[in-house]
Novice: 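Submitted below is the structure of interest, expressed as structure tokens.
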Amino acid sequence: MNNTKEKSNLFFTVVWLVLALLTIMTFSLGEAGMAGKGVMLTLLAITMIKSQLVANYFMGLRRTKFLWRVIMFGYFAIVGGLIAVAYLMGLK
Amino acid sequence: MNHSSATLSQEDLPGDFAIWIFIFAEMLAFGVLFVSYAFTRAQNIELFNASQLTLNRTSGAINTLVLITSSYFVVRGVEAIKRGLNQQCSHWLTGAFLLGGVFVGIKMVEFQDKFAADITMSTNNFYMFYLSLTFFHFMHVLMGMVILAVIIMKARHGGYSAHDYVGVETGASFWHMVDFLWIILFPLVYIIR
Amino acid sequence: MKYTSQAVAKPYFIAAIALFLGQILFGLIMGLQYVVGDFLFPAIPFNVARMVHTNLLIVWLLFGFMGASYYLIPEESETELYSPKLAILTFWIFLVAGAVTVLGYLLVPYASLAKWTGNDLLNTMGREFLEQPLPTKVGIVLVALSWLFNIVMTVLKGRKTAISLVLSLGMLGLAVFFLFSFYNPVNLVKDKFYWWWVVHLWVEGVWELILGAMLAFVLIKVTGVDREVIEKWLYVIITMTLVTGIIGTGHHYYWIGTPAYWQWWGSIFSALEPIPFFMMTVFAFNMVNKRRREHPNKAAVLWALGTSVMAFLGAGLWGFLHTLAPVNYYAHGTQLTAAHGHLAFYGAYALVVLTMISYAMPILRGRAANPERAQIMEMWSFWLMTIAMFFIALFLTGAGIVQIWLQRISVTPMSFMAVQDQISIFYWAREGAGLVFLLGLLLYIGSFFVKGKSHAFE
Amino acid sequence: MSAKFTKSMARNVFYGGGVFFFLLFLALTFDTMKVLPKRDNSQNITPAVEHGKKLWETNNCIGCHTLLGEGAYFAPELGNVYPRRGPDFIKAWIKGQPTGVPGRRQMPQFNLSDADIDDLIAFLKYASEINTNKWPPNIEG
């Protein structure tokens, strides 16, 4: 029983570090003041990955029924997608 | 990554289903607000880009790290209570609660700056969305902290056990929602241009 | 009838139906005045008929809610009502105050009524739905407080259930928000802002708690489904009501002088308001499908299901039609608003009171359910009234759309009265549907007098 | 469906959600009250306007007309009647009622003095200058 405890805690710590890293990346992109389609899509992708990480591992949806995972993933996909569409419309 | 419980059968949602109905409703409200922000921006990009520059991006980023870390603490708290360790759980959750306080503190400083500069929801469309989204989220952080406090109290008195920790998971799920809503809000409002 | 004090509900239900009939008669008068402008003029000008119509609506629904609570609280709390005498006293005070007020509207010019009833002391008259003279408003507060006191004392000394808690919260909210009818500032924007705290936070807030509690009670009784399941979902549904309805007040704050951000807050949250009504429909049908017993009162089951469907159509769907700010910009203050008003008030509140009466009245008269022929007549009246009201809403929606086109969207907008002439065909059709509605209501009243072998208590 | 779905948690979510959104509504109300003076034309409220509003209420004008879109739908919107018709037309119209034309909608005669009518018109002028976010769509109201 003992080793799974360390392993899962370590796992969550790794997820936390990844999230922190992605946040710093987002922030640095922002600081660099870069704009345009590529940057926007990258930032959106990072955001959706971070959200999915939180949902899957922090919220534990990874182990739940397919229905709940579809709802959560669908939410990130739709919200992220619509935001991307709005920004692409704006670029034209 | 052989996650310890991946082999378990398909579980139900963590925590009480009642909170999940509330979580989905909040997600819907925030989702519509996010998309409305994006499409309103599409109509007046210069205004949005200009006003966006006046935001304090650093405090936003710090707040993101703060919330992610507090969310991590909550996960550790849940892992602890799964093994029946009430005290350890209450310590992790207290850590998460304090980080929530840090978030609230930073946010209030940010709001103070804006109100001092006489920026309100009626100033322009960007600030309307910025203040609406961040204030709506700010109140969710406060509510999340109230929920965490209730759980901490009960955990400190040994109220949970390895076989009964639904209350902890319920509060945790809400807190994680507050976290990932900010994870979306921060780049959308502060960064993407 | 488990508790003798439940009999107090009977006069309330009878008064409710009588006032309902009065409301419909004045509705028909107004419906005719829309097409024959000088009908009954100057004896009953349109504004007087309207005051009577809207005030009777609110009063008969309040009578229904009070009767429902005096019936179901003793049964929920498993104890006798705290003070049946107080309930009867309240009944007569409310009935007399209501009757005198309506007579005041009809017999005395409104300006003089205002002068004689202390409106100069505290100016609260002349606002839509809140036209009552000051003494009547004070009377309503007293009636509400004595009703609340009676019910809460009963709950306190008996079993506490989710239904009695939710009903009491709804009644408390009703009493508290009515107090805003005494606040009438000169500043028109503030006047309207807080006026909506009475009207909107009633019908899209606390009244939905009362509606939920009443429907849950009837569903438990007619379906026999486990109380735990029904009360759990009751809480979920009314949570969604408050989550969406409170900020949903914003859909009244688009064009009255309040800041523009309400157009976003109001649109987004009021767009979510149909969700609790949809959940209520799914919930009602689910409970009836999973019923554990065949209740002899089939009419009550029909009313309950009808309530959930028509509440979703009237309040949910028809509300959503014109709740988004860009749409409301054109639909605000047109016949489309009237269509929503009619279908929502009937679908949500009239029907839930009729559900309660249809369930409780046979028991109050000593039998589990009415005789077969009476129930069939009652079901006919349900379909007649519901379809008639649906057509009233359809015709007014048609009138509203043409009105919006001619008066607001077209590049050469026509004046208000010119447009009214163009849509008079819809008003004729609406009057016809109104007559069918009256027929349905008369059939409903008739069903109480049908004799025959009734279902004894099992 | 989650195995864990209890009534007590549903009640807690009801209390939490209800209180939360009411507090949020109060916050929005507070902000509205703060910014209102810049939009509600309250600086033009004179005793005449105040008396005009009293006349508007005690004669139950809302029983037939709408004001800023709210009221009865039997007679025209009066929130912008001042710019639509002008004070003289309104005065003549009020004094000339009812028209008595058979079959047409009738407005009662309220027997108001000239001073009263002027106050009522002052109220309608005040109402027409409230910043209603450019509503109604056109002068017809």
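In what follows, chains are A, B, ... by sequence order, proteins preceding strands, each numbered from 1. Values reported hereafter were calculated over all heavy atoms of this structure, with side chains retained and with hydrogens, waters and symmetry mates removed.
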Novice: Would a 4.5 Å heavy-atom cut-off, applied to side chains only, mark C/Thr239 and B/Ile21 as touching?
Specialist: no
Novice: For B/Leu28, is it the side chain, the backbone, both, or neither that has a heavy atom closer than 4.5 Å to a heavy atom of chain C?
Specialist: side chain
Novice: Hey, do the aromatic rings of B/Phe136 and C/Phe269 have their centres closer than 6.0 Å?
Specialist: yes
Novice: Distance check, rounded to the nearest 0.5 Å: C/Trp265 atom CH2 versus B/Met121 atom CE?
Specialist: 7.0 Å
Novice: How many angstroms lie between atom CZ of B/Phe24 and atom CE of C/Met240, to the nearest 0.5 angstrom?
Specialist: 12.0 Å
Novice: When you compare the side chains of C/Trp264 and B/Ser132, does any donor N or O come within less than 3.5 Å of an acceptor on the partner?
Specialist: no
Novice: With a sphere of 6.0 Å drawn around CZ of B/Phe39, does it hold more than 12 non-hydrogen atoms of other residues, nucleotides or ligands?
Specialist: yes
Novice: Can you name the nearest heavy-atom pair linking C/Ile268 to B/Ala29, along with the distance?
Specialist: CG2-O, 4.4 Å
